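This report refers to the structure that appears directly beneath it.
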Amino acid sequence: MVGEEGAFVIGWDEVLTEEELAMTLKVLCMSEEEFKEYKEQDGWEDDSEEEENSTLSYQALSRLKTPCKKLLYDSVVLTLESYGSDLKAEQDLLDNKEAYEKLSAREQQALHVRYGQKRILHQLLELLH
């Protein structure tokens, strides 16, 4: 359902893998009975029109049903916990010119990437809360 990588791509303004995330949330938030009915009716292909009319901008994410918002929120929290440090530690390192300059170019680039990823995830948490 989410492809080989098993990840969703979230940008500053919207979900870039919106179709995969929308389908995953829809299925994971179904009851067992709803899922059986959906599957029996070949629901996988009947949703194409519905999916074309819905994008997962941040505004749309804020309107998700409560179970889907909670599932997505919990997933973001787990993702943040998988990092070795928190957003504040990354910001402190970026603000400390002396410590930052001691990092290799590769470590500096990695720091910027991690910091950006964490900022997006924190933005998503605020939206879903």
Side-chain angles (χ1 to χ4, degrees):
M1 197 175 302
V2 289
E4 292 178 18
E5 295 176 12
F8 302 107
V9 180
I10 300 171
W12 286 108
D13 301 313
E14 64 187 0
V15 177
L16 303 176
T17 54
E18 64 184 72
E19 186 177 323
E20 293 89 346
L21 181 59
M23 182 59 70
T24 300
L25 288 174
K26 182 176 184 171
V27 170
L28 290 176
C29 291
M30 286 180 179
S31 68
E32 185 176 347
E33 185 176 303
E34 289 171 324
F35 178 72
K36 284 179 183 176
E37 183 179 318
Y38 189 70
K39 198 170 150 185
E40 287 171 5
Q41 294 179 357
D42 295 324
W44 306 110
E45 297 178 20
D46 293 343
D47 290 342
S48 57
E49 185 178 309
E50 179 184 316
E51 289 171 8
E52 285 176 15
N53 295 328
S54 68
T55 60
L56 286 178
S57 65
Y58 274 18
Q59 188 177 23
L61 286 175
S62 68
R63 294 190 305 262
L64 287 172
K65 293 179 183 176
T66 301
C68 290
K69 280 173 81 169
K70 179 168 178 14
L71 178 63
L72 188 54
Y73 183 92
D74 291 346
S75 298
V76 171
V77 168
L78 285 172
T79 301
L80 283 167
E81 289 174 355
S82 72
Y83 285 95
S85 61
D86 63 10
L87 183 65
K88 183 173 178 349
E90 306 289 0
Q91 181 63 56
D92 290 345
L93 187 53
L94 285 167
D95 291 341
N96 183 336
K97 187 176 180 178
E98 187 177 311
Y100 179 80
E101 289 177 353
K102 288 181 181 178
L103 298 174
S104 69
R106 185 176 182 159
E107 289 170 323
Q108 290 175 358
Q109 291 170 349
L111 174 62
H112 284 282
V113 169
R114 283 192 317 270
Y115 180 71
Q117 290 171 341
K118 290 176 187 177
R119 284 193 52 214
I120 289 171
L121 291 170
H122 278 275
Q123 179 179 317
L124 191 55
L125 283 180
E126 288 178 27
L127 178 77
L128 296 169
H129 195 263

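As the structure is a computational prediction, the values presented were derived from the model and not from experiment.
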In residues 121-129, what donor-acceptor pairs under 3.5 Å come from side-chain atoms, sequence neighbours left out?
unit_1 : atom_1 : unit_2 : atom_2 : d
Gln123 : NE2    : Trp12  : O      : 2.8

Check residues 60-67 and write down every donor-acceptor pair under 3.5 Å in which the side-chain atom is one partner and the other belongs to a residue at least two apart or another chain.
unit_1 : atom_1 : unit_2 : atom_2 : d
Ser62  : OG     : Gln59  : O      : 2.6

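Applying the side chain to side chain donor-acceptor pair (under 3.5 Å) test to Tyr73 and every residue at least two apart in sequence or in another chain returns nothing. In this view, Leu111 and Glu90, Leu93, Leu94, Tyr100, Leu103, Arg114 satisfy the side-chain contact (heavy atoms from CB on, under 4.5 Å) rule, not counting sequence neighbours. Looking at residues two or more places apart in sequence or on another chain, you find no side chain to side chain donor-acceptor pair (under 3.5 Å) involving Gln108.
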Margin query: What verdict does the side-chain contact (heavy atoms from CB on, under 4.5 Å) test give for Tyr58 and Asp13, after you've listed the backbone C-alpha separation in whole Å, the side-chain angles of each residue and the deciding distance to 0.1 Å?
Written below: CA-CA 6 Å; Tyr58 274 18; Asp13 301 313; 5.9 Å; no
Next item on the list: Kindly determine whether Ser85 and Lys118 satisfy side-chain contact (heavy atoms from CB on, under 4.5 Å), including the steps that lead there.
Entry: CA-CA 10 Å; Ser85 61; Lys118 290 176 187 177; 3.1 Å; yes
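Phe8 is not listed as a side-chain neighbour of Leu16, based on a closest heavy-atom distance of 4.5 Å or more. Taking 4.5 Å as the limit, some side-chain heavy atom of Met30 sits within range of a side-chain heavy atom of Lys26.
A distance of 9.5 Å separates CD of Glu101 from CG of Asn96, quoted to the nearest 0.5 Å.
Glu34 places a side-chain N or O within donor-acceptor distance of the main-chain N or O of Ser31, the cut-off being under 3.5 Å. A donor-acceptor pair under 3.5 Å links the side-chain atoms of Ser104 to the main chain of Glu107, judged by distance alone.
A donor-acceptor contact closer than 3.5 angstrom links the side chains of Gln91 and Tyr115.
Sorted by first then second residue, the salt bridge (charged side-chain N to carboxylate O under 4.0 Å, His left out) pairs that include residues 71-89, not counting sequence neighbours, are Lys70-Asp74, Lys88-Asp92.
Between Glu40 and Lys36 there is no salt bridge, since none of the side-chain N atoms of the basic residue sits less than 4.0 Å from a carboxylate O of the acidic one.
Following chains of ILVMFWY side-chain contacts shorter than 4.5 Å, one cannot reach Val76 starting from Leu87, and the two form parts of different hydrophobic clusters.
In plain terms, the two heavy atoms of Leu71 and Leu28 that are nearest each other are CD2-CB, 3.6 Å.
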